[in-house]
Protein chains: 4
Amino acid sequence: MQRQDTPTTDNHATIPAAERHTATSARRARRSDPNRKQRIIDACLDVIAERGVAGTSHRIVAEAADVPLGSMTYHFDGFDDLIFQTFSHYARQAAERFRTRMEQARTRDDACEAIAETIADDLLGTHRDMVINLELYAVAARKPQFRDIMTEWTETVLTSMASFFDPQTAKLLDDVIEGITIHRAMAVPHPSVERTREDARDAIARILTRAV
Amino acid sequence: MQRQDTPTTDNHATIPAAERHTATSARRARRSDPNRKQRIIDACLDVIAERGVAGTSHRIVAEAADVPLGSMTYHFDGFDDLIFQTFSHYARQAAERFRTRMEQARTRDDACEAIAETIADDLLGTHRDMVINLELYAVAARKPQFRDIMTEWTETVLTSMASFFDPQTAKLLDDVIEGITIHRAMAVPHPSVERTREDARDAIARILTRAV
Amino acid sequence: MQRQDTPTTDNHATIPAAERHTATSARRARRSDPNRKQRIIDACLDVIAERGVAGTSHRIVAEAADVPLGSMTYHFDGFDDLIFQTFSHYARQAAERFRTRMEQARTRDDACEAIAETIADDLLGTHRDMVINLELYAVAARKPQFRDIMTEWTETVLTSMASFFDPQTAKLLDDVIEGITIHRAMAVPHPSVERTREDARDAIARILTRAV
Amino acid sequence: MQRQDTPTTDNHATIPAAERHTATSARRARRSDPNRKQRIIDACLDVIAERGVAGTSHRIVAEAADVPLGSMTYHFDGFDDLIFQTFSHYARQAAERFRTRMEQARTRDDACEAIAETIADDLLGTHRDMVINLELYAVAARKPQFRDIMTEWTETVLTSMASFFDPQTAKLLDDVIEGITIHRAMAVPHPSVERTREDARDAIARILTRAV
DNA sequence: AATGAATGAGACTTCATTCAT
DNA sequence: AATGAATGAAGTCTCATTCAT
């Protein structure tokens, strides 16, 4: 309780007490829904891809995941936590995909191809991934916690490339991956996957030519 | 309104109660205010930098610009228009800055240095620019309209480089600029401006070595 | 935006942005409603009397005052401010009533009768006043700001009695007023107004007998 | 939940997210917990003292008592029952304390001193008791059921005084006790215990002087 | 006997926008 | 031309309570 001109931290009051709702409406039974939390995260990812973080809300995600609104703050410690866990999950998955691709590479050429494929297929292949990436960047630029997600991701990428490229080259390649991703994302109309793959191959080749 | 914000005390950002509306009359009294619209745009840019598009609202911008709330929908055709014009202004300004830098370059080495400076000083020099850039990217990824802003910007950049580099090299350089910008933005802690400039120089050099 | 285990003050996020409700439903026109704020306060007093502060909410008060929910936080700086202003108004009014009664008294006996009437009619006459009084006490016990309301009230009461009683006697009388009020409020069933007035007269007489 | 609360940082009072439910298993492990119900009541009293009935909820009490949320509705028949039993316990205890004090009195003077001590030490000695008292009054004013608690308490008080004072005097004394208690509770800043005891002695003396 | 999981209702607040002035 | 007043929708979050285990 606070007077009108005395700003305090306590400005989100809540429910009264004592006399609360006594109505006992009929309830749908939907208990015991395993991995509901994961379903919410997946749905949240979809929503972010479609409407951006700015357009994401508990209600919309709950609807997308087909869970009651109350589930949101039950499973997540507030909206911010939802966003954090969602991006965290996404980044981990993306990093894993990249590592898998690199692990399957035998030669340096294989590795280059894997990178090109990552750019063209994983990062830009779908509008979805593209948007999520950029939304994550935007948030991370302002929130240190989200930068940690990025750090982890970057480390996995660089580590995965370590077998084929020296650290400096790997970093440069990583920069280029990023740059191409963004620029193609911004292009209107978006270039085709094939075209993007070509461009990626060329860029990588140019960088490596000198390093050889 | 504050969603993905760094925690602030947020004392006066909130809407005043009814009385306060009239109580603040002394503060304003700003009849005949030329370029009020521009002041709103500048304030909006500040707000976006600090709270992201998700945390931006008419009220907060109005407060930051010290204009009445009614001004917002009077000068802008709704919220989206405000954001669009704001980003549009920003991008044009950034492109102009880059062109000026390049125009002052005489040799190819000058040009490289200008690029490095752009990365280190203009795009990453301030947290502000970094955040605004990424916010713009995020929006642009989802809204074609905003992609036009990016297109214009990119064209100015490539055109400015045309005197010193062949198209393909310019594009690659542009990609690297982007990649470095992002990766440094994500790094924790942010590397120093000097360090960033060094890295940028190296990356550019590597790319050009082979092209020469 | 905050990670799950990092308690920050920033835990009441709000609206997204950019893509918000564009629906323009038909609106009732109810502009220009003078002293709407006072009507809300009156309604709030009714609600408190009926359900206690614990049972009071923006929604319920808005409904009682027949104003849209949005009006509540428009006219008041949050729930706490509403409660504060409501009690403040009530206390001022009650103090005024008491002063008027005392001002009309000519003799000491008149004053005694005025006090008895205050107890029986003003403070206990209606269930409404009784409840509001006690709710105010309860809040004031925990919130210093509300204690200020009480202080002002008490001062008015003591000042009003100054013409007829020495300070110490006035204070004792005030204490007795309070005590009778409470005890009768707690009695089950509530004694009649007449009975209460009798009791008050007796108590006052007893206190004054010795002082004479 | 916090409505009319003094501003607190409120870190751990909030509900944990889903995972945290299981994460805290180490903390509890309290099988076979005798007088758990009493522990809940004690905790509830603390919560009421700190946040008022309006700020009390099942969750907060459960947290304060370190029992699982489900315990609340298991041991109590809903929220109102919890509040009722809590106040009931408190009043019985307070009445008992008063009776003990009076039983130890031998002379009428002893009795007067016991009353003064009750006011100064028991009712006002701690902020806690003061708040709880007034919260109880407020609820009792609106709910007959709670008035029964008060009736029982008052009867014990009057009975305890019967050995030393005639009924009418006892009643008046009781009124004064009440009045002083409230007025001191409202004073800002609260007078010291010693000062309060003095005042109480004086008031009692004045009342009795005439009666003698 | 006891409790973790879950939920629908409702809490406060802020929002973009409209409209009379 | 400009704006203060006002509002319905939607925001996040907490609530008491139920129920399967």
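If you're wondering where the values come from, they're calculated on a predicted model, not measured in any experiment. Naming convention: chains lettered A, B, ... in sequence-line order (proteins, then strands); numbering from 1 in each chain.
Side-chain to base pairing of R36(A) with dA6(E): no donor and acceptor N or O lie closer than 3.5 Å to each other. Below the 3.5 angstrom threshold, one finds no donor paired with an acceptor across the side chain of R59(A) and the base of dA10(F).
Other residues, nucleotides and ligands contribute only 12 or fewer heavy atoms inside 6.0 Å of the CD atom of E63(A).
Protein atom NZ of K37(B) is 15 Å distant from nucleotide atom C1' of dA2(F), rounded to whole Å. Put simply, NE2 on H75(A) is 16 Å from C1' on dT14(F), counting in whole angstrom units. Rounded to a whole Å, the NE2 atom of H58(D) is 16 Å from the P atom of dG4(E). For L69(D) and dT17(F), the CG to C1' distance is 9 Å, given to the nearest whole Å. Distance D77(D) CG to dA2(E) P: 16 Å, rounded to the nearest Å. Computed from coordinates, the F76(A) CZ to dA5(E) P distance equals 14 Å when rounded to whole Å. Atom-to-atom, CD of E63(C) to C1' of dA11(E) comes out at 14 Å; the value is rounded to the nearest Å. dG8(F) atom C1' lies 15 Å from atom OH of Y74(C), rounded to whole Å.
Closest contact between the side chain of F79(D) and the listed nucleotides dT17(F), dT12(F), dT7(E) involves dT17(F). Relative to the side chain of T73(D), the nucleotides dT18(F), dA16(E), dG8(F) differ in distance, and dT18(F) lies closest. Among the nucleotides dC12(E), dA16(F), dG11(F), the one closest to the side chain of S57(D) is dA16(F).
Counted by atom type alone, T56(C) and R51(C) present zero donor-acceptor pairs between their side chains at under 3.5 Å.
Scored by the ring pair (Phe, Tyr, Trp, His ring centres under 6.0 Å) test, F76(D) finds no partners at all (sequence neighbours excluded). Partners of D77(D) under the side-chain hydrogen bond (donor to acceptor under 3.5 Å, both in side chains) rule, at least two apart in sequence or in another chain, do not exist in this structure.
Of the listed residues (Q38(A), K37(A), R36(A)), just one forms a side chain to side chain contact (heavy atoms under 4.5 Å, CB included) with I40(A), and that residue is R36(A).
One finds a salt bridge joining R142(A) and E135(B) here, because a Lys/Arg side-chain nitrogen approaches an Asp/Glu carboxylate oxygen to under 4.0 Å.
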DNA chain E base-pair string [pairs: Watson-Crick or G-U under 3.5 Å; |: paired with another strand]: .||||||||||||||||||||
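Mapped onto DNA chain F by nearest heavy atom, G78(A) and G70(B) fall at different nucleotides, with G70(B) at the one closer to the 5' end. Judged by closest nucleotide on DNA chain E, S71(D) is the one of S71(D) and M72(C) placed further toward the 5' end.
The side-chain heavy atoms of V67(C) and H75(C), taken from C-beta on, include no pair separated by under 4.5 Å.
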